[in-house]
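Below: one structure, written as structure tokens.
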Amino acid sequence: MRMNFTRTARACCAATLCAMLGASGAAAEPLLTQGIGTSNCGRLAGDIKPGEGLTNPVNLMAYSWAQGYISAANIALVEADAKHVDMGQLDENRVLNLLLTFCKANPDKQPLGALNDYLRKTAKVRIKWEKGTIDWNQ
């Protein structure tokens, strides 16, 4: 039986978020224990510091979260229309600045809005794909 793809995409996102939350361990900072995806931009904008790279724990978590989110979106895009976003374009500097710019302009929104905007606007790469070939429910 094949799993409903929307459920699969949501499960991938949830698994990625849970893994990142577990990786934060005993971090004292509430943002790290709460998670990036559930934070609001007003709070996140003050903690993202692109100049510090991935040595900053919030930057590392935001970058990892963004990679997981885009990866899950790519599964949905490929399954729906045999297209995906080239993640090779998303280095740490680009992702952190994308999040920071969006969050400064939209402090009342969540950072996933930045990634959804990026996914809507960026060029997609077409691949050869047979719809329905993702079957993790065996």
Side-chain angles (χ1 to χ4, degrees):
M1 181 167 131
R2 298 205 186 269
M3 182 185 287
N4 178 307
F5 190 75
T6 303
R7 262 189 8 203
T8 303
R10 280 185 275 186
C12 287
C13 289
T16 301
L17 180 59
C18 287
M20 288 186 294
L21 287 173
S24 67
E29 298 171 33
L31 182 60
L32 294 180
T33 57
Q34 178 184 356
I36 300 298
T38 59
S39 299
N40 73 29
C41 275
R43 184 170 177 202
L44 185 59
D47 291 328
I48 291 180
K49 297 175 176 51
E52 293 180 13
L54 298 180
T55 59
N56 175 308
V58 174
N59 288 355
L60 178 60
M61 190 168 197
Y63 181 63
S64 297
W65 169 78
Q67 285 183 317
Y69 192 89
I70 299 292
S71 292
N74 269 342
I75 293 170
L77 288 167
V78 164
E79 187 68 10
D81 199 23
K83 295 178 185 175
H84 68 94
V85 171
D86 178 6
M87 289 186 61
Q89 303 172 31
L90 295 171
D91 63 22
E92 68 188 67
N93 190 49
R94 184 167 186 186
V95 168
L96 294 173
N97 281 300
L98 177 78
L99 291 171
L100 183 59
T101 301
F102 179 86
C103 283
K104 281 183 175 180
N106 302 283
D108 58 325
K109 294 189 178 178
Q110 291 183 309
L112 64 91
L115 300 181
N116 287 335
D117 284 349
Y118 177 80
L119 285 163
R120 272 190 293 278
K121 295 173 184 174
T122 195
K124 312 296 185 295
V125 178
R126 181 165 292 282
I127 61 170
K128 185 175 180 171
W129 184 261
E130 184 179 331
K131 189 174 183 171
T133 57
I134 297 175
D135 190 1
W136 294 321
N137 195 24
Q138 295 181 346

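Throughout, numbering of the chain's residues begins at 1 and tracks the sequence. The figures here come from the full heavy-atom set of this structure, side chains too, leaving out hydrogens, waters and symmetry mates.
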_Minimum-distance pair of heavy atoms, taken over all atoms of D47 and R43_ =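 Taking every non-hydrogen atom into account, OD2-O, 3.5 Å.
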*asked:* Looking at every non-hydrogen atom in both residues, tell me the closest pair between R120 and K124 and how far apart they are.
replied: O-NZ, 3.7 Å
Contact check, side chains of [X] and [Y], non-hydrogen atoms, under 4.5 Å:
X    : Y    : value
Y63  : I36  : no
V58  : M61  : no
Y118 : L99  : no
N56  : L96  : no
V78  : I127 : yes

*Not counting sequence neighbours, list each pair that qualifies as a disulfide bond (SG atoms under 2.5 Å apart) and has a residue in residues 46-87.*
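Not a single pair qualifies under disulfide bond (SG atoms under 2.5 Å apart).
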*Distance-only, no hydrogens or angles: does the N59 side chain make a donor-acceptor pair with backbone N or O of I48 under 3.5 Å?*
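Here the side-chain-to-backbone pair does not exist.
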_T122 (side chain) donor-acceptor with L119 (main chain) under 3.5 angstrom_ = no
_Among residues at least two apart in sequence or on other chains, which ones pass side chain to side chain donor-acceptor pair (under 3.5 Å) with R126?_
none
*Residues in side chain to side chain donor-acceptor pair (under 3.5 Å) with D86, at least two apart?*
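Not a single residue meets the side chain to side chain donor-acceptor pair (under 3.5 Å) criterion with D86.
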N/O donor-acceptor pairs under 3.5 Å from side chains in residues 87-95, not counting sequence neighbours:
unit_1, atom_1, unit_2, atom_2, d
D91, OD1, N93, N, 3.3
D91, OD1, R94, N, 2.8
N93, OD1, N97, ND2, 2.9

_Taking salt bridge (charged side-chain N to carboxylate O under 4.0 Å, His left out) as the definition, give me every residue that meets it alongside K83, ordered by chain and number, with sequence neighbours left out._
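Applying salt bridge (charged side-chain N to carboxylate O under 4.0 Å, His left out) to K83 gives D81.
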*Start with the C-alpha gap between L115 and W65, add the side-chain angles, then the distance that decides, and say whether side-chain contact (heavy atoms from CB on, under 4.5 Å) holds.*
CA-CA 10 Å; L115 300 181; W65 169 78; 3.4 Å; yes
Counting only pairs under 3.5 Å, give me each side-chain donor-acceptor contact of residues 103-110, with atom names and distances, residues two or more places apart or in other chains.
unit_1, atom_1, unit_2, atom_2, d
N106, ND2, F102, O, 2.9
Q110, NE2, G37, O, 3.4

